[in-house]
Each structure stands twice: as C-alpha cells, then as structure tokens.
Amino acid sequence: MTRATGRAPSGPPQPSPRRYNAVLRLYDAPLRRDWAFWLTVGLAVMVAFSIGTSQEQSSGLPRWLDTLLAVLTFTLLFGVVPAWIRLGIRRWRWGERPSDPKPSPVAAPNPSPPLNPGTSPPPNPGTSPPPHTATAPRTTEPPRATPPPHTATTPPQTPHTTPPPRSTPAPRTTPAPHTDPPPPRTPTPPRRTPPPPPHGPARPETAYPTAPDPLAAARRGFPHPVARTVHEMQRAHTAKDRHEALLEAGETLAATVAVTAAGLLTAHGAGERNLAELRTALAGTGTTFGTWTVWLHHLCRVARERTDVVPGLAEALRDDAEMAARPDDPGLAQFLDRLKGERNRTSHGDKPRTQEEAALRVAEHRLTLEQALMSAQFLTGLPWLLTVSCAYQRRTGTFEVVADHLMGDHPDFDRMTFSCPAPVADDTVYVLSPAGPVALSPFVASLYCPQCGRREICHANNAGRRNRPAAYKSFGRGHVIPYPELDEEIAALPGSRPSPRPGRRTP
C-alpha cells in the first residue's frame with residue numbers, strides 16, 4: 001500500500017532561471033536558451049563545412065588554415081559582434097528603468113523576554129491595554145503555609161516568574177480578536193554614498209576663495225626679468241641661494257618698474273625733471289638698487305598728476321604725506337626700500353654665515369617681496385614685446401607687427417601678431433600700453449651677450465666716460481655689455497642736461 005502523506009503530488013521540474021550575460025559577459029546562461037550562442041555556433045559550423053567540402057582553391061594557404069581563418073572571421077563579425085551590441089542595448093535599457101520604491105520603515109515590535117506557559121505578558125509601564133483586546137487571566141499560585149514567627153520571611157516572588165506546579169495544568173489564554181502580529185520588518189537596503197568628484201570634496205558656496213599666490217602670479221604674468229628671478233628663488237636648493245635670489249628679485253622688480261615708467265614718460269613728454277635725474281644717474285658710476293628706489297620715490301608727484309601715462313602706478317606708490325596719514329599701509333617704494341636695506345647689509349659684509357641664518361632671513365623678507373609684487377600688479381597690464389618684423393598692409397593701411405611676448409618665466413617666448421596704425425622698429429623692446437606700443441629704448445634692449453653666448457634682455461647701466469664706454473647690464477646674469485650708441489640715445493632724453501662740474505671735462 002501507498003502511505004498517504006497529505007502532500008500534493010510533485011509536478012514536473014521547474015526550468016532553471018535565466019541569467020543574462022553570465023557566460024563571457026556576452027551570452028545568457030543556460031546556453032541552450034540563448035539565440036546569440038546558437039547563432040555563433042551555427043555560423044562556425046556552417047562556414048567550416050562549406051569551406052572544408054569545397055573543391056576550389058581560393059587562396060594559396062593550406063586548407064585547414066584557410067578554414068580556420070574563415071571560421072574566426074565570420075564568427076566574430078556575425079556572432080560575437082551582435083552579442084556585444086545586445087549587451088550595450090541591455091545596459092542602456094536597464095539604466096533607463098526607474099528604481100524600485102523603498103519600503104516604508106515599520107517599527108520593530110517591542111522585544112519581550114520569553115514567557116512561561118500559562119502566564120500573560122507583563123504590561124508596559126505607563127500604558128493601558130488596547131480597548132479591543134481581551135486580557136488573558138493570570139494564573140494563581142497555590143496557597144503556602146505561613147512560616148513560624150521565629151523564622152525570617154523570604155521576599156515574595158513575582159507571579160509571572162515562578163513556574164506553576166507540574167500537577168496543575170495551566171489554563172489556556174484567550175487570543176486577542178483584533179491584535180494581529182505585526183509584519184516582519186523589512187531590512188532597509190544600505191544607502192550608497194555617491195563617489196566624491198574628481199577635483200576633491202565640494203566646498204560650500206559661502207566659503208571665501210583662497211588668496212592667489214603672489215609668487216605664482218608673478219611667474220605667469222610679470223615681465224620676463226621679474227618672472228625669471230622669482231622662478232630662480234623658488235627652485236633654489238639651499239637657503240643661501242634662496243636668500244640671494246630673493247634680493248635679486250627685489251632689485252629686478254625695482255628696475256623693471258623704473259624703466260617701464262621711464263619709457264612711457266619719454267613717449268608722452270611728461271616728467272622731464274625725473275628723466276633728467278635718471279640721465280644724471282646713468283652718467284655717473286652706474287645704476288644700483290638705490291638708484292631705482294630713489295627715482296621711484298621722486299616719481300610719486302608725476303604719477304599723481306598724470307595717471308594716464310602709467311596706469312596703476314599712482315595707486316602703487318605712496319608719498320610722504322600718505323605715509324604720515326597711513327603708516328601701516330606702505331607702498332611699493334617702501335617695500336623695495338626694505339629689500340634694499342637687506343641688500344646693503346649683505347653687500348657690506350653681513351652675509352648669512354650658515355644655512356639656518358639664511359633661512360631665517362628668507363622667512364623675514366619673503367613677505368616683503370610678496371607685498372611688493374602685489375603692489376606692482378599693474379605690470380601685468382603693460383606687457384613687454386620684442387618686435388621681429390613690421391610689414392605694411394596696403395589694403396587696410398596698417399602695419400602687421402610680429403613680436404615675441406616677453407612675459408612669464410619660460411625662456412621660449414610666445415610669438416604674437418597684431419595690427420598697428422604706425423610703424424615700429426625691428427628688434428626693439430616695446431611696452432604695449434592702452435595707447436599702443438611704446439618703445440622702451442634706450443632704457444631696455446635685447447643684445448647678444450658674449451659671455452652667455454645668447455641674446456639677453458638688458459637695461460641701461462651707465463653712459464660713456466673717459467675710461468669706459470657706455471654699456472647695458474643683463475637682467476639675467478648681471479653681465480655688462482658695451483654699447484657705444486647708448487651715449488647718443490641718453491643725450492637725446494628730454495630735460496635740461498646737468499652742468500659739468502668745475503675742473504672736469506665733459507665726455
């Protein structure tokens with residue numbers, strides 16, 4: 001006989017679930033249910049059979065090699081490629097599907113300790129039972145004998161913790177009619193944190209932007225002599241080299257501001273007294289750090305009166321009246337004076353003896369150099385150019401100028417082309433002012449340096465005297481390059497010539 005089990009007879013076996021792109025990430029599993037797999041296999045078998053049984057010799061290759069190459073080609077083109085396209089379409093469709101709504105969180109039931117049979121759950125303190133629930137009757141312990149008076153009584157035990165005697169069966173509790181057990185709490189899937197952006201964590205919109213680095217800004221946008229010295233200061237390996245490069249950067253900045261202002265004053269016919277003072281300094285022993293700083297101090301009044309000549313110079317300089325009114329807000333000339341004092345201290349025998357002392361001096365004067373560079377930001381709007389060629393354009397009536405852009409610390413200058421209404425000289429350093437290109441000659445020139453073996457940007461150093469010719473001085477290496485024609489150009493500067501001293505011949 002067959003034993004009755006009360007179960008329904010088992011049906012046919014269910015097919016295995018289909019797993020998309022589970023085989024080689026191209027075909028579905030099981031393979032017998034994937035049309036792309038059968039297409040690939042069928043093509044391979046068909047091509048192998050057709051070429052293997054063919055009597056024609058299509059190429060000079062052996063029959064087996066020809067069959068193998070044909071099978072691989074047709075299988076890849078007409079079997080693997082369609083499966084790969086299907087994979088892309090599936091990814092696109094699955095990405096377009098809306099995400100399933102998250103289940104609402106259900107409060108977890110209040111856990112309670114396991115109860116003994118025949119006892120009711122303890123009530124929650126501070127709450128009353130629901131109005132529609134029937135409370136189960138409590139079980140009562142059998143009466144106990146009263147202890148004798150001379151024995152100590154033990155504290156009574158709670159009714160729901162003491163198990164009833166085995167002989168007395170516990171009464172069955174009446175189930176509550178309206179209290180269904182709460183559904184099991186569905187675990188909430190963990191929330192995926194979006195990956196951080198490639199440029200770093202996002203900052204709040206109310207955060208202040210970081211202040212730009214004055215040294216990095218000078219290397220990018222200042223004239224090449226200043227940008228080069230700042231770059232050398234940053235790449236110096238020792239503290240002593242960094243200290244020397246810092247002082248050189250301060251002196252180069254003073255000379256660059258001075259010669260730029262001198263060239264613009266000469267072109268606009270302003271500041272004749274200041275130009276005469278500069279000509280006197282060039283006719284003397286030569287230009288130094290003090291020559292440029294003193295000349296910039298005397299330039300404050302002209303910069304206030306003619307703000308259109310050198311845009312931004314009036315805001316950078318501070319005269320004595322402004323310094324007395326705002327002593328805590330010095331100008332460009334005052335910052336350069338501090339660097340000049342450190343240069344004089346070093347030149348007069350008080351050089352830093354150790355690397356530690358040099359590092360302390362660099363830390364002391366680095367902020368001064370940065371403040372001077374920030375005050376001289378107007379130089380970024382007055383770019384230097386070295387003209388290469390100037391050609392007249394007949395149709396437009398203008399001149400097409402090709403020039404090297406002498407800005408930034410890179411020694412290979414970018415070449416630019418622009419139109420100019422007036423002709424310019426070739427191989428001459430110009431400053432591109434709002435009114436057009438202005439020649440910086442005779443204060444700046446591009447000359448070949450025999451010691452360096454290349455062309456260097458130079459500034460006028462001294463005029464000719466009895467025992468020495470007029471010469472330029474290289475911004476980069478400080479090499480002196482004789483240039484006899486500089487005498488005539490300095491003599492042609494506007495302003496009255498200084499009278500010769502008694503008992504002394506004029507050159």
Side-chain angles (χ1 to χ4, degrees), residues 225 250-306 309-310 313-314 316-320 331-334 336-337 339-341 343-344 347 428-429 431 438-445 447 457-475 478-507:
E251 183 175 359
T252 304
L253 177 62
T256 302
V257 174
V259 296
T260 302
L264 293 173
L265 289 175
T266 304
H268 288 80
E272 295 183 358
R273 183 177 178 180
N274 301 91
L275 294 175
E277 180 183 354
L278 184 58
R279 181 173 56 190
T280 303
L282 291 173
T285 57
T287 57
T288 59
F289 200 162
T291 303
W292 308 119
T293 55
V294 171
W295 193 75
L296 289 177
H297 275 289
H298 297 167
L299 199 64
C300 293
R301 185 179 60 85
V302 180
R304 293 288 183 276
E305 295 176 354
R306 298 292 304 273
V309 177
V310 188
L313 182 61
L317 298 177
R318 297 284 189 275
D319 54 12
D320 297 337
L332 174 61
Q334 284 72 27
L336 294 176
D337 281 339
L339 297 175
K340 181 189 66 175
R343 166 67 80 182
N344 294 339
S347 302
T428 305
V429 179
V431 57
V438 175
L440 294 181
S441 179
F443 307 106
V444 184
L447 302 176
I457 306 299
C458 311
H459 65 84
N461 184 51
N462 59 270
R465 302 183 65 179
R466 180 182 305 175
N467 55 351
R468 66 178 183 187
Y472 280 92
K473 189 175 183 179
S474 169
F475 275 110
H479 296 158
V480 177
I481 304 175
Y483 194 78
E485 293 84 357
L486 181 60
D487 275 338
E488 300 178 0
E489 297 182 5
I490 292 178
L493 291 176
S496 58
R497 297 182 56 117
S499 57
R501 296 180 182 179
R504 186 177 180 180
R505 295 184 180 179
T506 58

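Heavy-atom basis, side chains included; hydrogens, waters and symmetry copies ignored. Since the model is a prediction, treat every value here as computed from it, not as a measurement.
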A.B. asks: Please report the closest heavy-atom contact between Gly331 and Gln334, naming both atoms and the distance.
C.D. replies: N-OE1, 3.0 Å
A.B. asks: Measure across Val309 and Leu265 and return the closest heavy-atom pair with its distance rounded to 0.1 Å.
C.D. replies: CG1-CD2, 3.8 Å
A.B. asks: Can you tell me how far CG of Asn461 sits from OG1 of Thr287, rounded to the nearest 0.5 angstrom?
C.D. replies: 4.0 Å
A.B. asks: Please report the closest heavy-atom contact between Leu313 and Leu299, naming both atoms and the distance.
C.D. replies: CD2-CD2, 3.6 Å
A.B. asks: Any donor-acceptor pair under 3.5 Å linking the side chain of Arg279 with the backbone of Leu493?
C.D. replies: yes
A.B. asks: Among residues at least two apart in sequence or on other chains, which ones pass side chain to side chain contact (heavy atoms under 4.5 Å, CB included) with Ala445?
C.D. replies: Leu447, Tyr472
A.B. asks: List in chain and number order the residues that pass side chain to side chain donor-acceptor pair (under 3.5 Å) with Glu251, two or more places apart in sequence or in another chain; answer none if no residue qualifies.
C.D. replies: none
A.B. asks: With ring-ring contact (aromatic ring centres under 6.0 Å, His included) as the rule and sequence neighbours excluded, what pairs involving residues 250-282 come up?
C.D. replies: none
A.B. asks: For the pair Thr293 (side chain) and Gly290 (backbone), establish whether a donor and an acceptor sit closer than 3.5 Å, ignoring hydrogens and angles.
C.D. replies: yes
A.B. asks: Ala281: which residues meet the side chain to side chain contact (heavy atoms under 4.5 Å, CB included) condition with it, sequence neighbours left out?
C.D. replies: Thr291
A.B. asks: Distance check, rounded to the nearest 0.5 Å: Leu282 atom CG versus His459 atom NE2?
C.D. replies: 10.0 Å
A.B. asks: Check whether any side-chain heavy atom of Arg273 sits under 4.5 Å from a side-chain heavy atom of Val302, and report yes or no.
C.D. replies: no
A.B. asks: Judged by atom type as modelled, is there a donor-acceptor pair below 3.5 Å linking the side chain of Glu488 to the main-chain atoms of Glu485?
C.D. replies: no
A.B. asks: Can you tell me how far OG1 of Thr266 sits from CZ of Phe443, rounded to the nearest 0.5 angstrom?
C.D. replies: 4.0 Å
A.B. asks: Does some side-chain heavy atom of Phe289 sit less than 4.5 Å from a side-chain heavy atom of Asn344?
C.D. replies: no
A.B. asks: Taking all heavy atoms of Ala471 and all of Val480, pick out the closest pair and write down the distance.
C.D. replies: CB-CG1, 3.4 Å
A.B. asks: Quick check: does any side chain N or O of Asn274 sit under 3.5 Å from a backbone N or O of His298, one acting as donor and the other as acceptor?
C.D. replies: yes
A.B. asks: Going by side chain to side chain contact (heavy atoms under 4.5 Å, CB included), name the residues that satisfy it together with Ala267, two or more places apart in sequence or in a different chain.
C.D. replies: Val438
A.B. asks: If you look at every heavy atom in Ala314 and Ala303, which pair is closest and at what distance?
C.D. replies: CB-O, 3.4 Å
A.B. asks: Taking side chain to side chain contact (heavy atoms under 4.5 Å, CB included) as the definition, give me every residue that meets it alongside Ile457, ordered by chain and number, with sequence neighbours left out.
C.D. replies: Pro225, Trp384, Leu406, Val444, Ser446, Phe475
A.B. asks: Work out which heavy atom in Leu336 is nearest to a heavy atom in Ala254; give both atom names and the distance.
C.D. replies: CD1-CB, 3.7 Å
A.B. asks: Do Trp292 and Val259 come close enough that some side-chain heavy atom pair is under 4.5 Å?
C.D. replies: yes
